Amino acid sequence: MAEVEFVNIAQYCGEISPGGIEEAVCAVNSELERIAGNVDVFFLLFSASLVFLMQAGFAMLCAGSVRQKNVKNIMLKNLLDACGAGVGFWTLGYGFAYGGSDGSPSFIGNSDFALGATTTGADYISFFFQFAFAATAATIVAGTVAERCKMAAYLCYSLMLTAFVYPVVVHAIWSSSGFLSAFAGEPFRDVGMIDFAGSGVVHMTGGYTALIAAKILGPRRGRFHDADGNPLPEPATFQAHSVALQILGTFILWFGWYGFNPGSALAISPSGYADVAALCAVTTTIAAAFGCVTAMFTDTVLGRMKTGEAEYDLTYAMNGALSGLVGITAGCSVVTPYSAMVIGIIAGLVYVASSALLIKLKIDDAVDAIPVHFFNGMWGCIATGLFADPLRTNITYGSDLHVGWFYSWRRGSGDANLLLCEICGVLFIIGWVSLIMVPFFLILNAIGWFRVDPLEEEVGLDISHHKGAAYDMTGPSKSDVEELVARKATAHGKVEVPAEVASAAADTTKQEVEA
């Protein structure tokens, strides 16, 4: 059988003479390429919009989780996250993340600040997609430090995170010039770190920043100590003021994750990209579902062992689902659905254990963002090093030389290069964020910009900082209530008959008597 020779259509069209069927074929090819490019731009526009919608999910989840006296404050901070990310990532962050990504190794980007070199639709939509991710990283911190953080401090670290700290992590792991990037010309250990949609880059960065902030800021008043500073026998529980907002926020976040993970394919028209996006949607769903039921039923079993009663905690169910979503984010394109199930189950267990650990360490996280994002971000990276499937890794990254450790054992090699890269990435994120954010928060705390006044915290930040409470809790006046009670007591619940009806009834009765 004769060997088929494939023609490079672009090269062919550049060499033909004008006129004839060849020119028509090339014109059709050019139009198809234009349409494919537009489809890819729309795909990223749609995916980025879903990711940006997650800001509403974070806002609803945080607003429902705090007490009603702090709702305005946390809602405003969530709004300013998006604005701060827009300012910080546009001016500096995008340039630090992707500027000068020519394949030569570098620690940080050095061009395209304020989109100075951006001219095409593909470049603009790339910025918009990456901005939505940066805003997500910043928003993670909001819930953790809720109810006691000053607005000035919040604005400062939101800008610092999106303009400098987060972009350096992005450059190291996602840029073709990053020293840990799987897209580098000569990747670390011949494979680089696989973090497809950001378990480490986005969630670990935001979650670890939240951990540092919570430790330096300290717990809310009355959480672990009484008014005199004495430790409480059991930590106080501050009830969420709206479970409805919490569950609404959870569903919005889950919905937005279908832009977060499948959208990280970055295109849909090239061969194989749609398959990658579809797999991401499936693994994302499975991990979230198993994370939810695992966390909830684990808490139920532990509670029954302790009290003898079986109770089902909605908070554990919601955060278990989010933990599964975070855990699958790194490897959603390279693991099988069965592996996604295991990753989700372990993510639910990681959430339960790490949430209890924070309480034991007396670290106050108002919405449990640290267990969800930091601890499960770490688990997501490590899980990729264990479960990355050779076939799917080859489809997504073009090589199956180094795959998940479990598959390496199946091959009989025990190759752990990918797992080593994942661990190095985790350590790099922890080290880099610590290097910048620990002194940053210590300085804010030292100059009095970090924590609100104790009286303002007790009254609530809505009244002390935002011109009044979020809800109108004013009831009827006491005198009106007393008058209504007295009227009901006097009438004994009887209905007053209108005068004209009573007169007509009396006349009818008189006529009947006379007759």
Side-chain angles (χ1 to χ4, degrees), residues 96-98 101 103-109 133 137 161 164-209 211-212 264 326-335 339 343 346-347 350 354 370 373-390 392-393 396-409 413-438:
F96 285 148
Y98 291 104
S101 296
S104 58
S106 59
F107 179 74
I108 193 170
F133 274 57
L161 192 64
F164 183 55
V165 177
Y166 169 77
V168 169
V169 178
V170 171
H171 187 83
I173 298 172
W174 283 347
S175 167
S176 60
S177 297
F179 73 98
L180 285 171
S181 176
F183 307 106
E186 296 181 2
F188 179 61
R189 306 294 298 183
D190 292 325
V191 60
M193 180 183 182
I194 293 179
D195 186 6
F196 185 74
S199 286
V201 174
V202 179
H203 297 282
M204 261 196 71
T205 301
Y208 190 58
T209 301
L211 176 59
I212 296 170
S264 291
V326 172
I328 197 61
T329 296
C332 57
S333 67
V334 296
V335 302
S339 297
I343 291 171
I346 297 177
V350 168
S354 55
I370 297 168
H373 297 279
F374 174 59
F375 286 98
N376 272 296
M378 280 197 297
W379 162 238
C381 295
I382 294 170
T384 303
L386 297 173
F387 293 102
D389 173 74
R392 290 159 179 82
T393 302
T396 306
Y397 290 92
S399 173
D400 63 354
L401 180 62
H402 302 291
V403 294
W405 196 45
F406 293 152
Y407 288 94
S408 295
W409 279 108
S413 69
D415 173 25
N417 277 287
L418 178 57
L419 179 59
L420 176 63
C421 289
E422 301 299 314
I423 293 172
C424 288
V426 167
L427 295 177
F428 167 72
I429 293 170
I430 292 174
W432 170 247
V433 175
S434 297
L435 179 66
I436 303 300
M437 298 310 293
V438 168

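Every value quoted in this text rests on a predicted model; they were computed, and no experiment measured them. For the numbers below, each heavy atom of this structure counts, side chains included, while hydrogens, waters and symmetry mates do not.
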Please name the pair of heavy atoms, one in [X] and one in [Y], separated by the smallest distance, quoted to 0.1 Å.
X: Ser264; Y: Phe133; value: OG-CZ, 3.6 Å
X: Phe428; Y: Ala172; value: CE2-CB, 3.6 Å
X: Gly207; Y: Phe374; value: C-CB, 3.6 Å
X: Ser408; Y: Val403; value: OG-O, 3.7 Å
X: Asp195; Y: Val201; value: OD2-N, 2.9 Å
X: Ala97; Y: Val170; value: CB-CG1, 3.7 Å

How far does [atom1] of [X] sit from [atom2] of [Y], to the nearest 0.5 angstrom?
X: Thr384; Y: Trp405; atom1: OG1; atom2: CH2; value: 15.5 Å
X: Asn376; Y: Ile343; atom1: CG; atom2: CD1; value: 11.0 Å
X: Met378; Y: Ile430; atom1: CE; atom2: CD1; value: 5.5 Å
X: Ile370; Y: Ile212; atom1: CD1; atom2: CD1; value: 10.0 Å
X: Tyr397; Y: Arg392; atom1: OH; atom2: CZ; value: 14.5 Å
X: Ile173; Y: Leu180; atom1: CD1; atom2: CG; value: 6.0 Å

Taking the ring centre of each residue, are Phe387 and Phe406 less than 6.0 Å apart?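 Yes.
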How about Tyr208 and Trp432: are their ring centres within less than 6.0 Å of each other?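 When the ring centroids of Tyr208 and Trp432 are compared, they turn out to be at least 6.0 Å apart.
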Show which side-chain atoms of residues 415-422 pair as donor or acceptor with protein atoms under 3.5 Å away, not counting sequence neighbours.
| unit_1 | atom_1 | unit_2 | atom_2 | d |
| --- | --- | --- | --- | --- |
| Asp415 | OD1 | Asn417 | N | 3.1 |
| Asp415 | OD1 | Asn417 | ND2 | 2.6 |
| Asp415 | OD2 | His402 | ND1 | 2.5 |
| Asn417 | OD1 | Arg189 | NE | 2.8 |
| Asn417 | OD1 | Arg189 | NH2 | 3.0 |
| Glu422 | OE2 | Ile194 | N | 2.8 |

For Ile346, give me all partners under side-chain contact (heavy atoms from CB on, under 4.5 Å), at least two apart in sequence or on another chain. Val342, Val350, Trp379
May I ask you to test the Ile108-Phe164 pair for a side-chain heavy-atom distance under 4.5 Å? yes
Any Thr205 side-chain heavy atom under 4.5 Å of Val433 side chain: yes
Before giving the answer on side chain to side chain contact (heavy atoms under 4.5 Å, CB included), spell out for Thr393 and Ser399 the whole-Å C-alpha distance, their side-chain angles and the decisive distance to 0.1 Å. CA-CA 7 Å; Thr393 302; Ser399 173; over 6 Å; no
Show, in sequence, the C-alpha distance, side-chain angles and deciding distance for Tyr98 and Trp174, and conclude whether the side chain to side chain contact (heavy atoms under 4.5 Å, CB included) test is met. CA-CA 9 Å; Tyr98 291 104; Trp174 283 347; 3.6 Å; yes
Under 3.5 Å, side-chain donor or acceptor atoms of residues 326-334 against the rest of the protein: list the pairs with distances, not counting sequence neighbours.
| unit_1 | atom_1 | unit_2 | atom_2 | d |
| --- | --- | --- | --- | --- |
| Thr329 | OG1 | Trp257 | NE1 | 3.0 |
| Thr329 | OG1 | Leu325 | O | 2.6 |

Whether His373 and His203 hold their rings parallel, tilted or perpendicular, with breakpoints at 30° and 60°: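 Ring orientation, 0 to 90° scale: parallel.
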Counterpart residues, ring pair (Phe, Tyr, Trp, His ring centres under 6.0 Å), relative to Tyr407 (two or more places apart):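 With neighbours one apart ignored, the set is empty.
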Test: salt bridge (charged side-chain N to carboxylate O under 4.0 Å, His left out). Region: residues 168-180. Which pairs qualify, not counting sequence neighbours?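 Residue pairs with at least one partner in residues 168-180: there are none.
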Name all residues meeting the side-chain hydrogen bond (donor to acceptor under 3.5 Å, both in side chains) criterion together with Ser181; count only those two or more places apart in sequence or in a different chain, and write none if there are none.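 side-chain hydrogen bond (donor to acceptor under 3.5 Å, both in side chains) list for Ser181, sorted by chain: empty.
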Candidate pair Cys424 and Met193, rule side chain to side chain contact (heavy atoms under 4.5 Å, CB included), full reasoning: CA-CA 8 Å; Cys424 288; Met193 180 183 182; over 6 Å; no
